[in-house]
Amino acid sequence: MKAVVYSRTGGPDVLQLVDREVPLVEAGEVRVRIAVSGVNPTDWKSRAGATANAGESTEVDPEQVPNQDGAGVVDDIGLGVTRFAIGDRVWVRDAAFQRPTGTAAEYTVLPDHLVNPLPDGVSFDIGASLGIPALTAHRALTAREAGPARLSPGSLVGTTVLVAGGAGAVGHAAIQLAVWAGATVITTVSSPEKAALAAAAGAQHVVNYRSEDVVERVQQLAPHGVEVVVEVNPLQNIADDIAVIARGGTIAIYVSGEPDEVPIPARASMTKNVRVQFVLTYTTSEVEKGNAVAAVTAAAAAGALDVGDESGLPLTRFTLADTADAHAAVEGGAVGKVLIDVASL
Ligand SMILES: NC(=O)c1ccc[n+]([C@@H]2O[C@H](COP(=O)([O-])OP(=O)(O)OC[C@H]3O[C@@H](n4cnc5c(N)ncnc54)[C@H](OP(=O)(O)O)[C@@H]3O)[C@@H](O)[C@H]2O)c1
């Protein structure tokens with residue numbers, strides 16, 4: 001099979017297209033023939049060694065196939081696997097987290113709990129866009145103590161959510177999941193083009209944080225405050241978040257910054273009994289992950305987690321051989337979703 005691998009951390013040029021044996025399944029495992037591989041910032045950061053031994057080129061042994069997200073078809077199952085049959089359409093999550101078996105390859109073998117049925121009518125493009133962005137967004141939207149643990153239609157009726165960065169991949173998923181669950185969504189963006197994307201995703205209110213006063217606008221739109229903030233840039237936004245949050249509201253932070261410390265106004269936070277929830281999708285609990293997978297799959301089946309221009313998430317496509325360019329595009333801040341076409345299935 002064709003696979004992209006790296007055996008040292010570094011720039012996109014460490015990625016090599018190679019031929020490897022098709023991997024065999026063991027008990028409890030599923031082999032997936034990948035149709036589309038999704039690229040997220042975490043993929044280039046891992047490849048660059050940005051999360052461990054930052055900046056140094058270190059050996060990666062065994063060689064690593066990058067990319068956490070993907071979608072395709074079940075190609076083989078190991079003993080004891082009962083959830084799948086050969087030929088089932090699936091989406092996968094966390095394929096390269098603490099395992100060398102990412103989705104930038106024609107086949108990947110994963111334990112069956114990392115493989116999820118892709119509902120009828122849901123494209124491989126959508127399936128390859130769910131894992132990191134939508135599962136992160138789901139955890140952020142359910143971090144509020146008084147809120148639902150699993151989103152479903154109606155579960156956020158009466159709730160106002162502020163999504164920072166509504167044209168980003170996680171921001172887009174947060175808007176779509178919150179709207180599906182019945183929330184009122186206010187989102188921030190940096191340009192009219194991104195405002196159009198956030199509106200296409202379904203946000204009822206879009207605020208340009210460069211040209212408008214975010215606190216004033218959000219307070220007008222939500223006089224009693226927003227119950228949940230999904231925050232992509234806490235270093236810039238935390239004071240505004242606390243200014244606009246409702247009593248008992250939750251700020252869910254899924255990005256660290258430089259410096260890696262967020263100065264949180266303590267008195268104002270205490271006055272409103274604010275909860276700050278840090279989120280790293282990889283290490284959410286199995287219960288949280290299970291809730292997220294179930295809700296995200298249901299939202300996708302309902303057509304609520306769409307991708308493409310008309311849904312506010314433009315797609316940029318690469319071939320498997322051009323995986324390095326796909327990583328560079330994400331690192332360069334490509335707007336929307338970067339996908340790799342692995343096979344036409
Ligand atoms: N903790 C986790 O589990 C987790 C999961 C997924 C992603 N992440 C991280 O989250 C970050 C975003 O990921 P992504 O895939 O969504 O990336 P993305 O598609 O590039 O989106 C990032 C968005 O944030 C916006 N943004 C930046 N500063 C902002 C600000 N002050 N206010 C409002 N919006 C702002 C950007 O637009 P403008 O600059 O134009 O405003 C952009 O639209 C990455 O650092 C990624 O590694 C973490």
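Both counts, for ligands and for their atoms, begin at 1 and track the order of listing. These numbers come from a predicted model, not from an experiment. Both backbone and side-chain heavy atoms feed into the values below; hydrogens, waters and symmetry mates do not.
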*Kindly confirm or rule out a cation-pi arrangement of Arg31 over Tyr107, judged by NZ or CZ under 6.0 Å from the six-membered ring centre and within 45° of its axis?*
yes
*Among all protein heavy atoms, pick out the one at the shortest distance from atom 5 (C) of ligand 1; state its residue, atom name and that distance to 0.1 Å.*
Thr136 OG1, 3.1 Å
*In terms of residue, atom name and distance, what is the protein heavy atom nearest to atom 32 (N) of ligand 1?*
Asn237 ND2, 3.2 Å
_Close-contact set for ligand 1 against Lys194 heavy atoms, below 4.0 Å_ = 37 (O), 38 (P), 40 (O), 43 (O)
*Please confirm whether Tyr254 comes within less than 3.5 Å of ligand 1 when only nitrogen or oxygen atoms on both sides are compared.*
yes
*Taking heavy atoms and a distance under 4.0 Å, where does Tyr282 meet ligand 1: side chain, backbone, both or neither?*
neither
*asked:* Which residue and atom name correspond to the protein heavy atom nearest atom 40 (O) of ligand 1, and how close is it?
replied: Ser190 OG, 2.4 Å
*Taking heavy atoms and a distance under 4.0 Å, where does Val232 meet ligand 1: side chain, backbone, both or neither?*
side chain
*In terms of atom number and element, which parts of ligand 1 are under 4.0 angstrom from non-hydrogen atoms of Ile132?*
5 (C), 6 (C)
_Test log, rule salt bridge (charged side-chain N to carboxylate O under 4.0 Å, His left out), inputs Glu288 and Arg150_ = CA-CA 8 Å; Glu288 290 158 353; Arg150 178 185 298 192; over 6 Å; no
*Does a side chain donor of either Thr42 or Tyr282 reach within less than 3.5 Å of an acceptor in the other side chain?*
yes
*Which protein non-hydrogen atom lies closest to atom 28 (N) of ligand 1, naming both residue and atom, and how far is it?*
Asn233 ND2, 3.2 Å
*Which of the atoms of ligand 1 are close to Thr188, meaning less than 4.0 Å from one of its heavy atoms?*
33 (C)
*Which of these, Gly171, Gly332, Gly168, has its nearest heavy atom closest to atom 22 (C) of ligand 1?*
Gly168
*Could Arg47 and Glu331 be called an ion pair, given the rule that one side-chain N must be under 4.0 Å from one carboxylate O?*
yes
*Quick one: do Val296 and Val122 end up in the same hydrophobic cluster if we chain Ile, Leu, Val, Met, Phe, Trp and Tyr together by side-chain heavy atoms under 4.5 Å apart?*
yes
*Does the side chain of Leu235 come within less than 4.5 Å of Pro263's, by heavy atoms?*
yes
*Can you check salt bridge (charged side-chain N to carboxylate O under 4.0 Å, His left out) on Glu106 and Arg33, steps first, answer last?*
CA-CA 6 Å; Glu106 289 180 320; Arg33 178 140 196 237; 5.1 Å; no
_Do Val32 and Leu114 sit in one hydrophobic cluster, given that two such residues count as connected whenever their side-chain heavy atoms are within less than 4.5 Å of each other, even indirectly?_
yes
_Let's go through Glu212 and Arg217 carefully: what are the C-alpha distance in whole Å and the side-chain angles of both, what is the deciding distance for salt bridge (charged side-chain N to carboxylate O under 4.0 Å, His left out) to 0.1 Å, and is it a yes or a no?_
CA-CA 8 Å; Glu212 298 179 82; Arg217 279 274 280 135; 2.7 Å; yes
*Starting from atom 31 (N) of ligand 1, find the nearest protein heavy-atom neighbour and note its residue, name and distance.*
Gln236 OE1, 2.8 Å
*asked:* Does ligand 1 come near enough to Ala334 that some N or O of the ligand is less than 3.5 Å from an N or O of the residue?
replied: no
*Residues Leu151, Trp180; criterion side-chain contact (heavy atoms from CB on, under 4.5 Å); working and verdict*: CA-CA 9 Å; Leu151 299 183; Trp180 173 67; 4.0 Å; yes
_Can you see whether Asn116 engages Thr297 through a side-chain donor-acceptor pair at a distance of less than 3.5 angstrom?_
no
_Ala169 neighbourhood, listing ligand 1 atoms whose heavy-atom distance to it stays under 4.0 Å_ = 15 (O), 16 (O), 18 (P), 19 (O), 21 (O)
*Relative to the heavy atoms of Val255, which atoms of ligand 1 are at a distance of less than 4.0 Å?*
9 (C), 10 (O), 11 (C), 45 (O)
*Can a donor-acceptor pair be found between the side chains of Glu231 and Asn237 at a distance below 3.5 Å?*
yes
*Is there any N or O on Gly165 that sits under 3.5 Å from an N or O of ligand 1?*
yes
*List the steps and the verdict of salt bridge (charged side-chain N to carboxylate O under 4.0 Å, His left out) for Lys337 and Asp125.*
CA-CA 9 Å; Lys337 188 74 206 174; Asp125 288 357; over 6 Å; no
*Contact between Asn40 and ligand 1, counting heavy atoms under 4.0 Å?*
no
*Would you say Ala167 touches ligand 1, if touching means a heavy atom closer than 4.0 Å?*
yes
_Going by side chain to side chain contact (heavy atoms under 4.5 Å, CB included), Lys289 matches just one of His113, Arg93, His138. Which one?_
Arg93
*asked:* Can you name the atoms of ligand 1, numbered from 1 with element, that are less than 4.0 Å from a heavy atom of Val279?
replied: 1 (N), 2 (C), 3 (O)
*Among protein heavy atoms, which sits nearest to atom 47 (O) of ligand 1, and what does the distance come to when rounded to 0.1 Å?*
Lys45 NZ, 2.7 Å
*May I ask you to list the atoms of ligand 1 that are less than 4.0 angstrom from any heavy atom of Thr281?*
2 (C), 3 (O)
_When you measure from atom 20 (O) of ligand 1 to the protein, is at least one non-hydrogen atom found at a distance under 4.0 Å?_
no
*asked:* Membership question, hydrophobic clusters at under 4.5 Å side-chain separation (ILVMFWY): are Val218 and Val229 in the same one?
replied: yes
*asked:* Quick test: of every protein heavy atom, which one is nearest to atom 41 (O) of ligand 1, and how far off is it to 0.1 Å?
replied: Tyr209 OH, 2.6 Å
_Can you tell me if Arg139 contacts ligand 1 (heavy atom of the residue under 4.0 Å from the ligand)?_
no
*Counting each atom of ligand 1 from 1 as listed, which ones have a heavy atom of Val170 under 4.0 Å away?*
6 (C), 7 (C), 16 (O)
*Nearest non-hydrogen atom to atom 15 (O) of ligand 1 belongs to which of Pro234, Gly166, Pro41?*
Pro41
